[in-house]
Amino acid sequence: MKIGYACLTIGVPDTNFKSCLLKNASENNLYELIYHNLNALENIIDYNIQNQLLLFRITSGLIPFAGTSANTLAWPDIFADRLAQIGEKIKSSGMRVSMHPGQYTVLNSPDPQVVKNAISDLDYHAQVLDSLGLDRQHKIVLHIGGIYNDKVAAQERFISNYHHLPETVKRRLILENDDRLYHIGDVLDIAARINLPVVYDNLHNQTNPCEGKTDNCKWINHCRNTWGKKDGPQKMHYSQQDPQKKPGSHSGTIRIKEFMELYEHLGRTDLDIMLEVKDKNLSAVKCNNCVSTAKTIKTLETEWSRYKYKVLENSPSDYTEIRTLLKNKNQYPAVSFYSLIEQALQKEIHPGQAINAAQHIWGYFKNTASEKEKSSFAKLLAEYNQGQTRLQTIKNFLWKMTLKYNQPYLRDSYYFILSL
DNA sequence: TGACGTCAAGATCCG
DNA sequence: CGGATCTTGACGTCA
């Protein structure tokens, strides 16, 4: 079982993607953007390998405006070597990647121009994966599209347009249930007629269930049969509802107990799970660590080193409890560990605790900081105490100090990137 | 015509 | 001037 995340990282240096407005999409500009984005992608792949994250979705924004008339750059040729290099890392590490055109790529539109654009966009996605030198187990995920007042006709149009796709796309295409129009039953019907694998999305099935059936395991096992040997292991999308937001909104982090319930109820590990969640790689590492049986307390200690100051800021009592939990070096209490972190991060930050955590961070600098920096920090704390400065300002200051005085331990801390 | 979703660019505001 | 915060853009469908 591989567990992965989609498109972006948090807290990993030099992994941001760039884009531009349509009006600025000159060849020169596009060249620079692609050059930058391929470096970012390679840095993400490196990070994934280091952290044993072997499932990943590549962002559709990798090549800005690819597949549209705004980008006439021969990017597959120009960047052939770079793409091949990155592909080698993916292959040699055993990583599986995918791509997922968004809700605006609609293959079954009654408008021929929209269909043409969709085909061109799918072709672009296939070109990326082909240029990376990856086989057909590296998939392209697509939704069915719109209904246009006639669902039957719309489904027929999807199938007929599918047949017009180039082989490079067909061999990678897999279909996903969406949160509004085509539920998992619809998608299974369509997929059966054109022999495509189906990706089950649990949250989409919650907001758009098939015949009111929300038994995840049932649908997952149903979809299993759509996956052929050449397609690689079955894939599914997993996400959780953000309780604060409207139905269908992804949660900030994967609540680990809820995830483990599904994992254990499933009782099989011959499938890959793509997480869709705001904290991206953080949840992927979390879930990975919790399903792994081969890890030791050392893994959790490394994770703790990243979370600890953030936990201290939100909840000193949970901080103490986690430290106690990690004292027994012969156990591997991963789920308890992450549950306590989740509990801590849900708590409201009290100013006194925030100052305490900031002072812990400051401890790394108090002997080396200049007089000016010392007085700046003191001033910020005092202002924050009186409600005149935001906590974020203090954190920005400490982040600058972290880079200036090169403190790797702090540089990797989630204290700086988890804002909730 | 606005909402939907997602991200970063671009614009604007502030000290 | 630099940094923080707000608005816009790019896509297509549906209410």
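So that the names make sense, note that chain A is the first sequence line, chain B the second, and so on, each numbered from 1.
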*asked:* Would you say that more than 12 heavy atoms from the other residues, nucleotides or ligands in this model lie under 6.0 Å from the NZ of K379(A), or not?
replied: no
_Apply ring pair (Phe, Tyr, Trp, His ring centres under 6.0 Å) to residues Y364(A) and Y405(A) and explain how you reach the verdict._
CA-CA 9 Å; Y364(A) 287 81; Y405(A) 291 99; over 10 Å; no
*asked:* Regarding E261(A) and K257(A), does a basic nitrogen lie under 4.0 Å from an acidic carboxylate oxygen?
replied: no
_Without decimals, in angstroms, what is the distance between N71(A) CG and dA10(C) P?_
15 Å
*Which letter, B, S or -, goes with each nucleotide of nucleotides 2-7 of chain C from 5' to 3', with contact meaning a protein heavy atom under 4.0 Å?*
-SSS--
*Partner of Y319(A) by ring pair (Phe, Tyr, Trp, His ring centres under 6.0 Å), out of W304(A), Y309(A), Y307(A)*: W304(A)
*Can you tell me the distance, in whole Å, between the CZ atom of F65(A) and the P atom of dG9(C)?*
12 Å
*State, without any angle test, whether T253(A) and D279(A) hold a side-chain donor-acceptor pair at a distance under 3.5 Å.*
yes
*Compute both the distance and the angle, then confirm whether K170(A) meets the cation-pi test with Y162(A): under 6.0 Å from the six-membered ring centre, within 45 degrees of the axis.*
yes
_Once ring pair (Phe, Tyr, Trp, His ring centres under 6.0 Å) is applied, what residue pairs with a partner in residues 249-272 of chain A remain, sequence neighbours excluded?_
Y238(A)-F259(A)
*Check the surroundings of atom CD in E348(A): do more than 12 heavy atoms from other residues, nucleotides or ligands lie under 6.0 Å from it?*
no
*Give one of base, sugar-phosphate or nothing for N16(A), where a contact means two heavy atoms less than 4.0 Å apart.*
nothing
*Might you point out which heavy atoms bring I119(A) and P166(A) nearest each other, and give the distance in Å?*
CG2-CD, 4.3 Å
_Once you apply a heavy-atom cut-off of 4.0 Å, does H250(A) come out as touching a base, just sugar-phosphate, or nothing?_
sugar-phosphate
*Quantified as the angle between the terminal helix axes (five pairs each), what is the overall bend of the helix from dT1(B)-dA15(C) to dG15(B)-dC1(C) to 10 degrees?*
70°
*asked:* Considering every strand and a 4.0 Å limit on heavy-atom distances, what is the contact class for K246(A): base, sugar-phosphate, or nothing?
replied: sugar-phosphate
_Could you check whether Q155(A) and Y182(A), counting side-chain N and O atoms only, form a donor-acceptor pair closer than 3.5 Å?_
no
*Check every nucleotide of DNA chain B for an atom under 4.0 Å from a heavy-atom of chain A, then give the first and the last such nucleotide from 5' to 3'.*
dC4(B) to dG10(B)
*How many Å lie between CD1 on I147(A) and P on dC14(C), as a whole number?*
7 Å
*Flag the pair R172(A) and D130(A) as a salt bridge only when some basic side-chain nitrogen lies within less than 4.0 angstrom of an acidic carboxylate oxygen.*
yes
*asked:* In this structure, how many angstroms lie between the P atom of dT13(C) and the CG atom of D150(A), rounded?
replied: 15 Å
*Pick base, sugar-phosphate or nothing for K151(A), based on heavy-atom distances below 4.0 Å to the nucleic acid.*
nothing
*For S109(A), which contact category applies under a 4.0 Å heavy-atom criterion: base, sugar-phosphate, or nothing?*
sugar-phosphate
Kindly list each side-chain donor-acceptor pair under 3.5 angstrom involving residues 27-35 of chain A, sequence neighbours excluded, with atom names and distances?
{"unit_1": "E27(A)", "atom_1": "OE2", "unit_2": "T72(A)", "atom_2": "OG1", "d": "3.1"}
{"unit_1": "N29(A)", "atom_1": "ND2", "unit_2": "N24(A)", "atom_2": "O", "d": "2.9"}

*asked:* In whole Å, I'd like the distance from the CG atom of L181(A) to the C1' atom of dT13(C).
replied: 8 Å
*Are a donor atom and an acceptor atom from the side chains of N314(A) and K310(A) found within less than 3.5 Å of each other?*
yes
*asked:* Below 4.0 angstrom, which residues in residues 17-26 of chain A have at least one non-hydrogen atom near DNA chain C?
replied: L21(A), L22(A)
_Just the rounded figure in Å: distance from P of dT13(C) to CD of Q113(A)._
12 Å
*Carboxylate-amine/guanidinium contact K286(A) E303(A), below 4.0 Å*: no
